[in-house]
Amino acid sequence: MLSRVANLTYWMARYLERAENSARILDVNTQLALESSMGVVNDARLWEPIIFALGDETIFKELYSETSERTVAEFVLFNPKNPNSVLSCINLARENARCIRDQISSDAWEQLNRLYLQMRGKTVADYRQTGTVEFLGRLRKSIQLFYGIAASMFPRNDAWQFYELGRFLERADNSSRLIDVKYFTLLPTVQAVGSTLDALQWGAVLRSCSAFEAFRKSRRGLINAERVLDYLILDEFFPRSIRFSIITAEESVRRITRDSDHHYSNAPSRSLGRLRADLDYLLIGDIVKFGLHEWIDQLQLSIARVHTDIESAFIDYDVERARILG
Amino acid sequence: MSELFSTYALDRFYDEMFAGPETPRAHYERVYERLAAMSREELAAKQDLADQTFLWRGVTFTVYSDNQGTERIFPFDLIPRIIPAREWDTLERGLTQRMTALNLFLQDIYHEQRIVKEGRIPREMIESSKHFRPEMIGFRPPRDLYVHINGTDMIRDEAGGYFVLEDNLRSPSGVSYVLENRQVLKRVFPNLMASCPVRPVEQYTHDLLNTLMHLAPEHVPEPNVVLLTPGVYNSAYFEHSFLARQMGIEIVEGSDLIVRDDRVFVRTTRGLSPVHVIYRRIDDDFLDPTVFRKDSLLGVPGLVNAYRKGNVALCNPIGTGVADDKATYYYVPEMIRFYLGEEPILPNVETYLSADPKDMTFILENLPKLVVKSVNEAGGYGMLVGPHSTKEQIEEFRAKVIANPRNFVAQPTIGLSTCPAVCEGRIEPRHIDLRPYILNGSSIRIMPGGLTRVALRRGSLVVNSSQGGGSKDTWVLSDDIARTQAQNQAQTDKIIL
């Protein structure tokens, strides 16, 4: 497929996934804030974790002088000056889709266009009036409707593989940020680690990943930090876990490069293979010992490296040295 | 008289639906009955559904002048324009004749130039045309085809006669709206359409793909056809992606293409893949910065050489534009006589060339009555509609015409035919034109119908989308016998709208 089209497809998927995850990150924080027993929901300390987890402190500070529910929600959902806001991501995804309308099915395009029209002109006032749960729920459903149409309509060609690759790389990164929100969330006391409140908060994290019931069924046990992290980071079967996302991304790269098992023909297959192998052999205890937040930082760097490798292998390669086909 | 038509006032113009007050023409009876039975609410609901559908589907065009949300839907009017079978037969024969002559003209102009040598067209008329490409003299494009697609603008005068207003031989746009309009109308009026023998239009993209494949170099068994667009910000981008999607070909930008050893390649995720036919929606000027405009970033360096070597085909060929210059247009009837030895089936609108001293005198004396057009502009730009202009505008044009006579032509103001359109909840007459699309490949094929544009502002004669125009679905009826049968059928079992 055309390099430009591959790039647009890959980014369309990333932007949509990012929009969905930003909504989830806002959702988890709202849940944590409600259950914090710190009294005032508008306490800045309750909303800072989102900004830290997203790594957007600098741009946030440029745009707002105070950290509150309103400013954070506006920043995450609607602010067009925040390139990662849900609105920006949906606009960009739709703009990319418009460039590749000849590649995606009419139904998929129409759904994405409707999503764009649904979000256009919305403000934080609409968000509050509709109610946070309802607003974010509708938003997620609209995005997932697109995924559903795509999954049942897109031929499983290279375009699909680039779409999956973008989606799952972004998801791996975003799931790690979602976990990080909890890391940054203060418990009232050090003793509270492992308390009922702590368990409640981890439950909220699971719910924001739509993982609560799946977790209960799969792990049958109590909710505590280590068990939840094990599930969200290392589970092989849960579609929002980091390991699952990396396995899926690796499969897509293999299909794009036509690599067989134990054969890694180029940089993205190697860097993704290494990352996947790491996750295959890691134990959650290792991560905790290393330091959860530090481990997440490293993971995000590895994902960024995979991205660079994808760009230079398929998109921005040197034309002078390129292969000439049939 | 129904509520919806209660303010429908016939004027001196030819009306597509009505032969006289409350007397619909035979081929419009069914549609008239349906509309007459409707309430204002129903009509408004249908119009809403149509508008919503266009918005959801993202059927839009880009407006450059507007820096706020630059995409707009092309206003769609619900009431179809209907052309009876026999009328269409004449149009089809006339358009085929015209297309044949234009192709022969281009072939001649880039080789022997007989028509010039025999004094039928002045040489300076050709050589001064902005789109004449001396670089192409002696070059033979694939299959000797010089024009592959034509969008011929047609109008009807007050007596109902059809006239050719102009040809668009380079990148006639709008065909995607024809296809989308039909889709939407089917959704809005499913049963109404089922009760009329309307000829389908979907065949067009199939014919277009065949026309393009026909140009491929002979030794290539499975040619790779691509559509070259200036990019997503071009006003016709919707159409580019629509056509590419319908034909299943790649849409490419200049930066996707690379020329090596006079062959064209497209940059793919696996390497460079050869390209054999380019349906380009970029003007000659921007095609290849090594040959034409040096500052163009849209084109592909080296493309013209690859084309000259016959390694890649272009649709349309370079230099075709000399035949749709609004001054060259004047000579098309002469071309038909010269190359085909026939009389034109479809007449031109009477035209005056300001390059001709006699015509110039006439033009200057009659400016307030005439439409003056700049020969190279499109989209309703650079034109003067005398009767609707101020004294200042007229004087401004007088100076322009005198300064550069080759650049202008003038035509009488024609009272375009009217067709019922939905305006503020009622049905009123509005002026329309018609752009049929003609393809020229292994044979000439014409889509039944074309784009009917409608001037939605009361009294306006300007139908261009950039000037507040909209469009309608165009129905060509397959034959009148079938229509009568359908009508008889409908009388026995009442079809629900």
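- Side-chain contact annotation: Gln103(A) with Thr9(A), donor-acceptor N/O pair under 3.5 Å absent.
- In this model, a donor atom of one side chain and an acceptor atom of the other lie less than 3.5 Å apart for Thr123(A) and Asp126(A).
- Side chains of Ser85(A) and Asn79(A): no donor on one and acceptor on the other come within 3.5 Å.
- Asp51(B) and Gln47(B) are linked by a side-chain donor-acceptor pair at a separation below 3.5 angstrom, with hydrogens and angles left out of the test.
- Using a 4.5 Å cut-off between heavy atoms, Ile249(B) touches chain A through its backbone atoms (N, CA, C, O) alone.
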Cut-off 3.5 Å, no hydrogens considered: what does the side-chain donor-acceptor table look like for residues 275-283 of chain B, sequence neighbours left out?
{"residue": "His276(B)", "atom": "ND1", "partner": "Asn224(B)", "partner atom": "N", "Å": "2.9"}
{"residue": "Tyr279(B)", "atom": "OH", "partner": "Arg281(B)", "partner atom": "NH1", "Å": "3.1"}
{"residue": "Arg280(B)", "atom": "NE", "partner": "Asn316(B)", "partner atom": "O", "Å": "2.9"}
{"residue": "Arg280(B)", "atom": "NH1", "partner": "Ile282(B)", "partner atom": "O", "Å": "2.9"}
{"residue": "Arg280(B)", "atom": "NH1", "partner": "Asp284(B)", "partner atom": "OD1", "Å": "2.8"}
{"residue": "Arg280(B)", "atom": "NH2", "partner": "Asp284(B)", "partner atom": "OD1", "Å": "2.7"}
{"residue": "Arg280(B)", "atom": "NH2", "partner": "Asn316(B)", "partner atom": "O", "Å": "2.8"}
{"residue": "Arg280(B)", "atom": "NH2", "partner": "Pro317(B)", "partner atom": "O", "Å": "3.0"}
{"residue": "Arg281(B)", "atom": "NH1", "partner": "Glu239(B)", "partner atom": "OE2", "Å": "3.3"}
{"residue": "Arg281(B)", "atom": "NH2", "partner": "Glu239(B)", "partner atom": "OE2", "Å": "3.1"}

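- In the model, Arg57(B) has no side-chain atom that pairs as donor or acceptor with a side-chain atom of Asn113(A) under 3.5 Å.
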Is there a salt bridge (Lys or Arg N to Asp or Glu O under 4.0 Å) between Asp473(B) and Arg182(B)? Walk through the geometry before answering.
CA-CA 6 Å; Asp473(B) 193 18; Arg182(B) 179 61 57 86; 2.9 Å; yes
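- Heavy atoms of Phe162(A) lying under 4.5 Å from chain B belong exclusively to its side chain.
- Residue contact with chain B, scored on non-hydrogen atoms closer than 4.5 Å, involves the side chain of Asp158(A) exclusively.
- Checked by atom type, the side-chain pair Thr248(A)/Ser245(A) shows no donor-acceptor distance below 3.5 Å.
- Contacts of residues 253-268 of chain B with chain A at a heavy-atom distance below 4.5 Å involve Glu253(B), Asp256(B), Ile258(B), Arg260(B), Phe265(B), Val266(B), Arg267(B), Thr268(B), listed in sequence order.
- When Arg120(A), Arg258(A), Arg94(A), Glu95(A) are compared by the number of non-hydrogen pairs under 4.5 Å with chain B, Arg258(A) comes out ahead.
- For a residue to count as touching a neighbouring chain, one of its non-hydrogen atoms must lie under 4.5 Å from one of that chain's; by this rule Phe242(B) does not touch chain A.
- Under the 3.5 Å distance criterion, with hydrogens and angles disregarded, a donor-acceptor pair is assigned to the side chains of Tyr147(A) and Glu17(A).
- Contacts between Ile315(A) and chain B at a heavy-atom distance below 4.5 Å involve the backbone alone (N, CA, C, O).
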